[in-house]
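Just below is one structure, and these are the notes that go with it.
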Amino acid sequence: MVAENIAFGLIAAAMVGAGFRLVTTTNVVRAALFLAIVLGGVAAIFILLGAEFVAWVQVLVYIGAIVVLLLFGVMLTRAPIGKEGDLDNDQRWTAALVALFVLGALASVLADAWGTQEIKFQGVQRTAAVSDSIFGTYVVPFEVASVLLLAALVGAVALARRD
Amino acid sequence: MYLNQFLMLAAVLFAMGVYGVLARKNGVLVLMSVELMLNAVNINLVAFGAFNNTVAGQTFALFVIAIAAAEVGVGLAIILLIFRNRASVDIDEIDAMRG
Amino acid sequence: MSILAAAAAATSFKAPSLDYHALAPEIILTATILLVLVADLFASEDQKWLVANLAGFGLLATMVPIVSLALSDGSHVRSMVGGSYVVDDFSLVLKGLFIVVGYVVCLMAHRYVEEGDYYEGEFYFLLLCSILGMVVMASSRDLIAIFVALETLSIPGYILAGWRKRDLKSNEASLKYYLLGVMASAVMLYGMSLIFGFTGSTLLTDIGAAINAPGPNGGHQAVVTMGILFIIVGFAFKVSAVPFHAWAPDTYEGAPTPVTAFLSVASKTGGFVALFELVYIGFFGRSDVWGPLFGVLAVLSMTVGNLIALRQTNIVRMLAYSSIAQAGFILVPFAVAGTSPSAAQSALTASIVYLLVYAAMNLGAFSVVIAVARKTRSGEISSYGGLFEYAPGLAVLMTIFMFSLAGIPPLAGAWAKIFVFRAVLDAGTGWAVALGVAAAVNSVIGLFYYSSVARQMWMTPVPDGDRTPVAVPAPLVAALGITVSVVLAIGVYPQAFARLGELASG
Amino acid sequence: MLTVAVLLPIVGAVILAVIPKGREEVLKAWALLVTLATAAVGVYLLVAFDYAKSGQLQFTVNTEWIPVINSRYHIGIDGISLPLLILSMVITVLCVIYSWDHFPEPHNPKAFLILMLLLETGMNGTFAAEDLILFFVFFELVLLPMYFMIGVWGGPNRQYAAIKFFLYTLFGSALMILAFLALYFKGGETFDIPLLIAQGGTIGHSTQVLIFAGLFMGFAIKVPMFPFHTWLPDAHTEAPTVGSVILAAVLLKLGTYGFIRIAIPILPDAAMTWAPWIGLLAVIGIIYGALGCLAQKDMKRLIAFSSVAHMGFVMLGIATLTSFGINAAVFGMVAHGLITGMLFFIAGSVQERFNTREISRLGGLLLQAPRLGWVLGFCVFASLGLPGLAGFWGEFPAILASYQPAQGLQLWVFRTYMVVASIGTVFAAGYLLWMLQRVAFGTAKTEFEKSHIHDIHIPEYIAWTPLLLGIVALGIFPSLLFHVTDKAVTVVTSGVTQLASAR
Amino acid sequence: MLGSAWLIPLIPAISFVVILAVGKRLPAKGAEIGIGAIGISFVLAMVSVVQWVARDEPREAVEHHLTWWKLGGVDIGAGIHVDGLTVMMLVVVTFISLLVQVYSTGYMAGDRRYTYFFAALSLFTASMLMLVVADNTLQLLVGWELVGVCSFMLIGHWWEEEANSSAAIKAFLTTRTGDVGLMLGVITLFFAAGQNFDIANLNRLALTGGISHGLLLTGGALLFLGVMGKSAQFPLHVWLPDAMAGPTPVSALIHAATMVVAGVYLVARVYGVFWAGFSIGDGGINLIAIIGGITVIIAAALAFVQDDIKKVLAYSTISQLGYMVMALGVGAWTAGVFHLFTHAFFKALLFLGSGSLIHAVHSNNMSEMGGMRKHMPTTFWTFMVGSMALAGIPPLAGFWSKDEIINGASHGFELFMVVGLVGAVMTAAYMTRAVYLVFFGEYRGHAHPHESPPSMAIPLQILGVLSVVGGLAGTALVGSKWRFAHWVTFEIPGAPEIVEEHAFNLPVAMLSVAVGLIGIGIAAGYYLRNTFPRGAAEKSGLVRTGYKVLVNKYYLDNLYIDGIVRSIQYPIAKAAYWINQKVIDGVVNGVGIGTRQTAQVVYDVIDQKVIDGAVNGAGFSAEEGGIVLRRTQTGRVQTYAAVLFGASALIAVGLVFFT
């Protein structure tokens, strides 16, 4: 258990650090890389929680697809690769205030609700269980999600293509 | 492991995401911040799944991941569209309609 | 856990039993979606009208199983996959509404898309996808299903809002809608994760039971409060309730008008449907949370929406604020639903009746806007000057829709409001009556700007002196015909919709 | 048959809508035919009405309408509604005739006549409805046509006047519908007026008082009572002649009728609590309306303010909650309908001839158009409550009744009202005669000296004669009306009487 | 006939309708209908009198009524109540009306609204007769208001001139102010009598103690307010002089003989209420007597300073009405009613005479008359008779009735006897002045005076005869059965007798004659002294020629001195007139103006600014609110997002805190 806690501490520290840099850096490309670190951290957390399948999906979809997609976006919109002076708008302080307020509200409620309850680790949940769940209870959303992805695909193409 | 250590991590990520979407003016950075928030949710879902010993949390997280991907795709398309028309992705300049 | 055990678990998978009659609307709709996509691939530029017709017929075909389900004998409740997907009277009524609204929007869009140099095939494809999301929403009784349905109905909307690609306003509309939509989704998801974490289930009935549970670990905890709130915020965004409304005017103004009509009616109704399911099934035990919340949202929406609408000069923007105010009226019954079971019943009826009526009158109003814009090429209210002189038919129709929105009897809108008032007084508490008075006062404020449109049409001269009649294409005529006959028929015989509303809430 | 009376005009309006715009003669003939047919139904009702049972509802129809909210299509008339129904029918016919050759600008007789027919349905329906929701629908149905009539065919400031009228009234009705719904839930889940009358008394006192407040707002604005009257002068001044006539002759009565038909019989207890305040506003209205009249420069506006004063008498009669008072109120409603309707007709005709209604510019009407002048003089005297003409029987019994209001009401309060109201009759004479003097007496002002002023023409004769005859007939034989209303009023006051006897 | 007395008002009413309908097309333009109808009515009225007197004694009033309307279980009838008072009034009204109509054919000849004039006269007569025969107060009220309207129409007959229509409005409004009291009194007594308007019943209840004294006092006082308006009692008398703007026959009929006595008639009719309410039987000083007494003196004083002959007569009428009211106030019921009777003849005579003069000289002003004795002998002699009757010279009509009043007052109301005597002096004096100014001296006007046509002269002569002999009706000369006091009497079956008769009192009679002569003497002395030179000149042609210019000049000076400067020598009269015009009339006019101004302020400030302002303000603030709220819609998506998150978190904290 100690090892897990140490791992969590490291991962969490990396994630928070990367996350903070993500929202403060003045370099767009670097921001994408910080995002990759956070997403990787999330995958690691999933593994800690015994959700292997989700963790790998996270790596594949997020790091493999989404981050790449975002990088493409950065390049297509000709954002400077290097440092850029002003990436923030003029409501930075408001934003910080709101964010801190949100954090405070969430943290206090969470602390109140679950205090020091522990996760009783039940072992790794196999992919099969997940798939049973998807194709059992959640079969309708699953099918609909496929239509959704199709729609997003077609729509994104229709919007983004030059004509 | 405490449940709350995951939840608190998620909360911090969520708050950073909130800051990011509010303070960043580059459209792509805003999208990244949104991802931060969605990942916070995913941590929550998986942690709760483990806590409650149900697979539904993971399933939920999978749906979120899939749909987040679709959202990012659409979002980028919109940002590209705007970039093509205005040669800028600064979203705080987009205020033609107001009042 | 051994591999064997896992394998055993894997083999133990049993395919869920699906009621294909109950799923027939979704299946037909999906088939139509695919057909439209394929047809679009193969149709040449001058054959694109086929696609529109295909979409229209597909929607009409979807109505067939809905009607047959409604007319089938026995219990109308068909529950599937552990109760996470249910087809009952409620979902049938709303599915029917979505399909009809979709059909009318197709009619409205027909010439608009054809003449405006837009992608036609994709337009209908996305429209149908969104409708599919709504239809699924009507049956979803599970957080995940609701989430997926919500995204399915939203994402095509984000795209369609930007369909006038070269128009900066359309881009802006799309971006604002998208960004705020995604953020609202994130908030909602966070809320869902909390509720899931607390109850350990995504199924609304289980959630309801867990929340109702008494004791120190019961559903009264702050975390539940926050979860419920965040989820409601997500949908409050969808239904454009103040203070989560800000996207609506900008998006409505910038988006192509048929899309605006679709967003303001179908998409909004989708949000309300989700709220019905969540509030009346999942969170019913915590009316101390959502009761006041909806009260505040309702009063703010009505008041702010109406007051800002007073100052609008653009008709679509005015209609956007009007739809914010109308959403406020639909929210009013929620606020009092927790008082008693009978109040909940009449509150649900009121909201559903309001949605049905609202759909007809708002679509009608947008149809007229589209028709008039074909001549004036303007969205300014002042461009409606003297409409009665050169297009008396459109002027009369617009008048009917405007005053129906304002809630003047004997038009349908009045009944919607009466049902809301009825729900309020059924609850009968002091706060409920105060809410009713606020709604009453707001209905008067609303009249002011609705009537100003009528005033322009009837009482001011034509601004540019151009009195050529407006040519209204046949599909638009059909859309106007459907909407106006509903508004008038319901005005005279409200029982038709009242019965639907009662069925759906029963 | 009653259904026909209510719905015939709207059916006629629909058919009118499909007649092409250019065929003006056909349009007018059809509208006249429809209104005449409706009036014929009215005559049938007059003949077939069982006067021995005028306290009971007759010609009732009671079928399902909106079962979900337990609202029914329940109509019927008794001795109170019958005269008002007939009034509404007659006035509409006369208005169609009056506007025969001179539709106000921007002309468009088709739309104008459609609106008039819609109005008639609304008015007839309100007087026939026996279900609160049905009542509400008809009550509101008159709003839209009147809004357009004022807004499209009105005077220079018409848009402001139209929207003011509309908003004011809608504000009242919004609260009124809340009160209706409260009655529904507190009164045994029914909207049926006779059933509610049977059960209304069981509602707790404080709830009754609140519900009455809602009803009061709805009806008082329509009446209009001080201080909710400010829409009236604007609306009347700007409305086209026919609009003013219908507004004065019938629409204002919807409010007072609401008090008599709904508020008082269903909520007698609250009515007792509210009566002194209603009476107070009524007498303020009497004096205030008169003072308003004296300050006017515009003939039509003056007549409009006089309506405030006259409706004050009606409301005073109602506030006494006695048989005498309410009978007087009904009489006052009909009389005011005839007389003020006539005055507005005349004001319209004056406006048409001189292109102004400014009192200071007019003069010598009796010289230039003697018959018109005499009719004006006649109506002025009728309006100031000359005995022997209809106006008196609305005022005098109302004042009489306030000497001895319903048992349980403060005597001294109502006697004070009585004195003030009777002083109001002097004011009424003052402003009306002042107007008569300025308009009809003297010689024509130089600007009109040379102009040829046409005396009363044929459509005016036809439109006015029935009203003038009615004023005289009711003035000489008040029992024409009293014997119809008396029994029905007894039913209205029965709740109050029972309360008094229970004390 | 008595039971069919309703025919008497009905006939003129029908005549009114007929004249309106076809009058213009008839050869005499409707006059023949009016005169014919009123002639029939007069005959019927005479028949009624004869039948009434011939009835067996004790005579009970004849009553007939039908249900007029019914309300809430109360049956309101319309009907007739015929007794001595009624038949007396019927005769007076129909007779004077008949004469006036005949007279008007001459006086109004050529008037542009000739037909209408007769129609209005018919309507007036009908209304007045209805008032007279009314068996209940409501019907009386109806007639009362109708005669008011007719008065309005006839005063304003020549409405082309604003002064005339203003006078008509003033008359109507002033009387209507009094009518408020009448209406409230009728209402009070209606409830006091147990929801009953019946007059006979009311009298009976009042006299038998069926109604509390307080109610009777209130009701009586309220009714008296109406009387003050209609019968021009101080201080509501101001309208009557102005009402002289109407044609003179109208003044004779309405403003001298009939309508203005309606108030007196009302008091006499419901005397039980006043008797019991004001405790007249107890001999106390009461409102009625006081008002009557004040009116006698004030009006008589005012008559001195008038130049307009009709105004002299108008003030005289007011003064005489004061006598009648005072008589009723001191319990001399018969005397008051008798004075009403005689006054009708000689005052109508005087008015018609003045009409004849005006017809001749085309002016109302005495300063433009003079010497008419020679030009208009008939008018002169009849006018002289009328004046003497008014002055109370025996045995003319006025003597008998006035003497009776003074006699009646001497029984316990000595103060009012003095008032009556002072009034008699003044009456005699101002009439002497008027007669002198009009008929003596030289003609001062510019027209060519001539005697009036027979249609005017004959009524004068008839009235002249009656003014001479009318008073005898009150004496035993006509036989005990026919004696006025015998058949016109206030008797309520079942109620105690309240009207007591006082035997002719020679000292009192002599006193009143003496004061009358004193009045004449003073005035005559004053005027004759001034005109002595002229009198001497008349005797000698030479002197006449020599003095002609001088006299004329002198006379003109005299005229102005008389008419204007000398009147200062009547300081009381002058002061009274000043008070009358400035204070009382000023108050009346001021009330009018003040009301108008208040109205303007109320309308401008309260209605337009406050009430309408509040309404418009609500609309305005809604729009302003809209403008402010619009600013929140910045157009920037991240602002919206900040609201989204901020609001969510805030509401969350709030909800968590409160639940």
Side-chain angles (χ1 to χ4, degrees), chain A residues 49-50 52-53 77 89 95 98-99 101-115 117 119-163, chain C residues 1 3 5-7 9-16 18 23 26 30 33-34 37 80-82 84-85 119 121-123 125-126 128-130 132-133 136 139-140 142 144-149 151-152 155-156 158-160 162-163 165 174 190 194 197-198 202-203 221-227:
Chain A
L49 287 166
E52 286 177 348
F53 180 67
T77 57
N89 60 24
V98 171
F101 190 67
V102 168
L103 178 61
L106 293 181
S108 59
V109 168
L110 292 175
D112 173 61
W114 282 286
Q117 293 186 49
I119 299 176
K120 292 187 196 68
F121 197 63
Q122 311 274 329
V124 177
Q125 295 210 299
R126 294 291 167 183
T127 310
V130 179
S131 79
D132 283 359
S133 155
I134 289 178
F135 292 103
T137 319
Y138 303 111
V139 63
V140 179
F142 179 79
E143 297 299 341
V144 173
S146 65
V147 176
L148 166 62
L149 289 174
L150 182 64
L153 178 74
V154 173
V157 170
L159 273 191
R161 92 171 174 205
R162 282 171 204 276
D163 44 16
Chain C
M1 197 184 273
I3 291 172
T11 50
S12 73
F13 173 72
K14 276 212 187 98
L18 295 175
L23 286 174
E26 286 85 343
T30 313
I33 288 168
L34 296 177
L37 195 60
M80 282 167 278
V81 284
S84 71
Y85 202 79
Y119 299 122
E122 290 87 341
F123 181 88
F125 166 76
L126 289 170
L128 291 177
C129 286
S130 187
L132 176 67
V136 170
S139 281
S140 300
D142 176 279
I144 295 178
I146 288 173
F147 166 66
V148 172
E151 294 299 330
T152 312
I155 289 178
Y158 305 149
I159 301 163
L160 287 175
W163 211 241
K165 288 167 61 178
S174 179
Y190 196 91
L194 291 181
F198 183 80
T202 58
L203 204 61
Q221 297 191 15
V223 68
V224 178
T225 307
M226 186 176 248

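Just so it is clear, the values below take in all heavy atoms, side chains as well, and ignore hydrogens, waters and symmetry mates. Here is the naming used below: chain letters follow the sequence lines, and residue numbers restart at 1 for every chain.
- One finds the CD1 atom of A/Ile134 at 8.5 Å from the CD1 atom of C/Ile144 (value rounded to the nearest 0.5 Å).
- Atoms CG and CG, on A/Leu150 and C/Leu37 in that order, are 6.0 Å from each other to the nearest 0.5 Å.
- Heavy-atom distances place both the backbone and the side chain of A/Ala158 under 4.5 Å from chain C.
- Going from atom CD of C/Glu151 over to atom CG of A/Leu149 covers 11.0 Å, rounded to the nearest 0.5 Å.
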From CA spacing to verdict: side-chain contact (heavy atoms from CB on, under 4.5 Å), C/Val223, A/Trp114: CA-CA 9 Å; C/Val223 68; A/Trp114 282 286; 3.5 Å; yes
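- Shortest non-hydrogen contact noted between A/Val144 and C/Val136 is CG2-CG2, 3.6 Å.
- When C/Leu128, C/Leu34, C/Thr30 are each tested for a side-chain contact (heavy atoms from CB on, under 4.5 Å) with A/Val147, only one passes: C/Thr30.
- A/Tyr138 places a side-chain heavy atom less than 4.5 Å from the side chain of C/Asp142.
- Taking each heavy atom of A/Gly136 and C/Pro16 in turn, the nearest pair found is O-CG, 3.6 Å.
- Contact check for C/Gln221 versus A/Val109: no side-chain heavy atoms found under the 4.5 Å cut-off.
- At a threshold of 4.5 Å between non-hydrogen side-chain atoms, the residues C/Leu132 and A/Leu148 do not count as touching.
- The two residues A/Asp112 and C/Ala222 have their closest heavy-atom pair at OD2-CB, 3.8 Å.
- The two residues A/Arg161 and C/Lys165 come nearest to each other via the heavy atoms O-NZ, 2.7 Å.
- The candidate from A/Ala156, A/Ala152, A/Pro141 with the greatest count of non-hydrogen atom pairs under 4.5 Å with chain C is A/Pro141.
- Legend: residues meeting ring pair (Phe, Tyr, Trp, His ring centres under 6.0 Å) with C/Tyr190, ordered by chain and number and at least two apart, are B/Phe14.
- Between chain A and the options C/Leu203, C/Thr152, C/Ile146, the largest number of non-hydrogen pairs under 4.5 Å is found for C/Thr152.
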